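Note that the coordinates shown come from a computational prediction; the quantities given were computed from them, not determined experimentally. Each chain gets a letter, A, B and so on, in the order the sequences are listed, and its residues count up from 1.
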There are 2 protein chains.
Amino acid sequence: MCVYRLKVDWGYMSLLEYMADHFAARLPSMSKTFELETLKMRLGDAALAHLDLHLRIQRALRSLVLEGALAPGQKLPGTRVLASSLGLARDTVESAYEQLHRDGFIVRRQGSGSYVRDSLGAPLKGMARGRSAPAGPAMAGAAGAGLSQRGQAIFDSGGIADQQVARAFATGLPETRSFPADVWQRLQRQVLRDHRSQVLLHGDPLGAQPLREAIAAYLNLERGARVDAAQILVLSSTRQALFLCGLLLADAGQGVAIEDPGYFGARKAFEAAQARLVPIPVDEQGLRMDALRALGRGVRCVYVTPSHQYPTGVTLSLERRLELVRWAAESGAWIVEDDYDSEFHYDGLPTACVQGLDAQQRTLYVGTFGKTLYPGLRMGYMVLPPPLIQAFAHARSIMDGHTPQALQLTAARFMEEGHYNAHIRAMRKLYAARRQAMFEAVGRHLQPVVQAALPQGGMQLPCYLRPGFSEQKTIRQAAAAGLHLSGLSRLYQGPRKREGWLLGYAAMSEHEIVSAVARLARALAA
Amino acid sequence: MCVYRLKVDWGYMSLLEYMADHFAARLPSMSKTFELETLKMRLGDAALAHLDLHLRIQRALRSLVLEGALAPGQKLPGTRVLASSLGLARDTVESAYEQLHRDGFIVRRQGSGSYVRDSLGAPLKGMARGRSAPAGPAMAGAAGAGLSQRGQAIFDSGGIADQQVARAFATGLPETRSFPADVWQRLQRQVLRDHRSQVLLHGDPLGAQPLREAIAAYLNLERGARVDAAQILVLSSTRQALFLCGLLLADAGQGVAIEDPGYFGARKAFEAAQARLVPIPVDEQGLRMDALRALGRGVRCVYVTPSHQYPTGVTLSLERRLELVRWAAESGAWIVEDDYDSEFHYDGLPTACVQGLDAQQRTLYVGTFGKTLYPGLRMGYMVLPPPLIQAFAHARSIMDGHTPQALQLTAARFMEEGHYNAHIRAMRKLYAARRQAMFEAVGRHLQPVVQAALPQGGMQLPCYLRPGFSEQKTIRQAAAAGLHLSGLSRLYQGPRKREGWLLGYAAMSEHEIVSAVARLARALAA
């Protein structure tokens, strides 16, 4: 590439060095080798090598003007002179000048040459190399400088850190190695062949009709729901569903009741919508209805995980379910039912969902494909009471439009053709064995350290530390051995926290489980 | 299917009729033929026909219990009796009873039979068929019953209605017929082969690294930006970017300056985040900086479309760009630069973006693949000033996680291999010809009705109605002829509105354009 030899002989500096230095000064995070990296990026695309060059020249000249190194009124070298001194075709330089002219940086006078424009106002020299921002209210504060208060709160919350690699004992990860990716791809090709324009154009914010119908049929038959396809809203995830609930059901500062201990993702989603969270204790029957009733009309909605409560794994009893439905009808509040992992219930069929018991339709049902298909897909859904459907659709259309069409239509076929139920059945069998293997391995190797509570379903085993053991310390010891432990105490909002871990088992083979638990035991003994 | 002959002979009613009636009562919107539809859904999956049957029985019995038709303590028929009267295998009925038992609806006494449980509390009979919701503060209001105030506002906003079919004269639609879908699919297959686990598992909320690098390189070379890949946040759309800006940069009620006339999608996104919008007039040089300065420190950020202002199509002059950058540095406010359609600039290269001029890094740059690739893809991106990167990443991780991995990695390859630039070049050529065709056709057929303003770029032609013509009326006349006209006046927030239309031309062939404009002329003459 001639670019490596590129030199400027008319008094400034090597453009390459200039640019590298220039960018480096602008962004400390940016490496000095920036130019070479970009060049590497471009090598694949020969057609742009030329554009690349003249753009680099134009860009460097522009910076010099902006910083006042080239003063207003100053004359630029003629294109022929510059071209020869750069060892480039004249039209390369010419097009750089033309762009500078079009952008308004220079004026070109017939027969007299090109000059930096006078009317650009004060050169930005002062600011050009400045890295520190000017004083100003918006710039107060540290890392989140210039954020709004709620922006700062979201920054402080730390967000939600998903497990991006499958390792022991990551929670919430399904077994992706046995996902039938070839079937999925075949269906995706069919979808693009059969619905090309629908796939490429915009879709309904509520979701693609075939998928909405497949989901409704699934929920009616498998989850005991009472759903019509018109009530289904296809989303990208459970969190999006919960954020929408916070946004649409509670104003800033209004109460949202939430299980304690409970799912941190739900807490953060409702907090991001500025709801005021009201923790409700959980016992062996699930959510404590007496505590909920004690709030009177103080909350707009309650978040529950009835199938197996997160993280305790207990199932909300039928009495409590019916009482919850009555409470919602009487108080005019909403029930947000997160039916996560209900597909993976190992002792017989899962209990039917609350939505199916709620004749008054005060229940918003939330489900996800993130565990039953795969997390990278980004697809979930809600069942909405009819009066709420349009508001949620409008909110989705404003916040991000809809879920990619190709993925929705592929998921619909995957369900229609029975692959979905077949995959769930296979995974349920697999996970049941892995749950057992994890429970036994913990009993065998970690008896003195923790007490495990065998959950009826789901993808993780709650383990409560015995007296004398510290959650923080054990997590550190495990991390040192390359093992990930998610602590339980952070899932409690009230003062009464229990220490322990959640051990994910769904993404690990039985062999991997046994050896990882043994490694954990050794790490803690050390 | 034996299901059609299914009858209950022990005193209630046909389960099929019962269920249909039952569901219909629950959901007026639900058709009486619901059962048959669900059955149709299931026919493909023979393995479930059995499960289907016993579930239907269990579900019907459950409803009868919930409504008190089967009273607490009442004895159920023996499984053998019911099975024979239904003409089914006994184990079908047995499993239905077993599920009812597991769910806690019935108790089964060895040798004595099955009874409805006593402890279920008051039967829900009263509510069971009730369609009207109980009184209560949360139920006040009409369609949006039970929404929060901001939820009601979002409902009232009407959301954003995207064009889901390509028709004359839909705006914002690219030419999808010539999208190289086969290349895209080939790359997608490669991606799944080379990055299977990465595709299936969770991704970085900031986006997939290869795509972030490809975007950064593209912006630096094609848009005159000053960007490092670490500043790129991959999103699902421009709206998601704008909603995040509203959420993180301004608290509820704080000022966000926005072009007037301006993009309604931006207005709704910022309003959904409860920002207070401050309209700033636009003239032939773009945003009026004097009006912006007059606000003093009254706004947290300003939304601008510098490449070609929406909807007027004017390009923000260099003087204004530099002044905008100075204003942001002095006032400590943020610039939100929506560089929409900048790829489609027809008179030479587009002017470089504001972000590249802003040495103080007060600019958040917003771009989308919705027009350069296709709308159904749902992919866009932002360039963030370093102090804001983490806050936006956290917000994205809470709101919906990340954009699907497979799509991100495919887009990265599409860019790396030069297909992206090639496709944009081809479309730019195509759209330039279509812009010309639309401009000439309007001049030829609609001269007396509108004055068209040839934009330097973009995908739609602004047409201003001449005195004596009404926007509402012409839109109605066109609609009657099956032609879609987007009105201009709704894009104005201030009292001074101009009437007219935006005519989308990118998705129509030159022939389609000419005939559609002729049809429009006839429709308006009628």
Side-chain angles (χ1 to χ4, degrees), chain A residues 26-27 29-30 38 41 45 99 102-104 127-128 134 136 138-139 144-145 147-149 151 154-155 159-160 162 164 176 199-202 217 226 228 230 236-237 240 243 248 250-251 268 272 318 329 332 348 351 359-360 374-376 378 387 391 394-395 397-401 404-405 418, chain B residues 26-27 29-30 38 41 45 102-104 127-128 134 136 138-139 144-145 147-149 151 154-155 159-160 162 164 176 199-202 217 226 228 230 236-237 240 243 248 250-251 268 272 318 329 332 348-349 351 359-360 374-376 378 387 391 394-395 397-401 404-405 418:
Chain A
R26 196 67 65 255
L27 292 173
S29 65
M30 184 176 288
T38 354
M41 298 287 309
D45 192 354
Q99 182 61 34
R102 196 176 293 108
D103 288 355
M127 345 188 342
M139 295 306 293
L147 293 172
S148 62
Q149 287 177 28
I154 288 171
F155 174 80
I160 297 176
D162 292 304
Q164 293 175 33
T176 51
V199 163
L200 296 181
L201 292 173
H202 275 294
R226 290 169 173 172
D228 180 76
S236 71
S237 55
Q240 187 172 45
F243 182 81
L248 295 173
D251 284 310
K268 292 187 179 190
L318 181 63
T351 311
Q360 290 299 298
Y374 58 92
R378 311 314 299 148
H394 287 347
S397 75
I398 292 169
M399 271 175 56
D400 72 344
Q405 297 276 78
Chain B
R26 198 68 63 253
L27 292 173
S29 66
M30 184 177 289
T38 356
M41 299 290 309
D45 192 355
R102 196 176 292 109
D103 288 355
M127 343 189 344
M139 295 306 293
L147 293 172
S148 62
Q149 287 177 29
I154 288 171
F155 174 80
I160 298 177
D162 292 305
Q164 292 176 32
T176 52
V199 163
L200 296 181
L201 292 173
H202 274 294
R226 291 170 173 172
D228 180 74
S236 72
S237 55
Q240 187 172 44
F243 182 81
L248 295 173
D251 283 310
K268 292 188 179 190
L318 181 63
L349 290 172
T351 312
Q360 290 299 296
Y374 59 92
R378 312 315 297 149
H394 286 348
S397 75
I398 291 169
M399 271 175 54
D400 71 344
Q405 297 276 77

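When side chains are defined from C-beta on, A:Met399 does not count as touching B:Lys268, because their heavy atoms never get closer than 4.5 Å.
Here A:Arg378 contributes atom CZ and B:Arg378 contributes atom CZ; the two are 16.0 Å apart, rounded to the nearest 0.5 Å. Put simply, OG1 on A:Thr176 and CG on B:Leu201 are 4.5 Å apart, with the number rounded to the nearest 0.5 Å.
Of the atoms belonging to A:Ala395, heavy atoms from both backbone and side chain fall under 4.5 Å from chain B. With a 4.5 Å cut-off on non-hydrogen atoms, B:Tyr374 touches chain A through its backbone and its side chain both.
Closest approach of B:Ser397 to A:Gly159, counting heavy atoms only: OG-CA, 3.4 Å. Nearest heavy atoms, B:Ile398 versus A:Ala272: CG2-CB, 3.9 Å. Contact record, A:Pro404 with B:Pro404: CG-CG, 4.4 Å, taken as the closest heavy-atom pair. Minimum interatomic distance between B:Leu200 and A:Pro375 (heavy atoms only, all atoms of both residues): O-CD, 3.1 Å.
When each of B:Asp162, B:Ile154, B:Asp251 is checked for heavy-atom pairs under 4.5 Å with chain A, B:Asp251 comes out on top. Highest contact tally toward chain B, considering only A:Gln164, A:Gln240, A:Gln149, A:Gln405, is held by A:Gln164 [criterion: heavy-atom pairs under 4.5 Å].
Relative orientation of the B:Phe155 and A:His394 rings is tilted, given thresholds of 30° and 60° on the angle between their planes.
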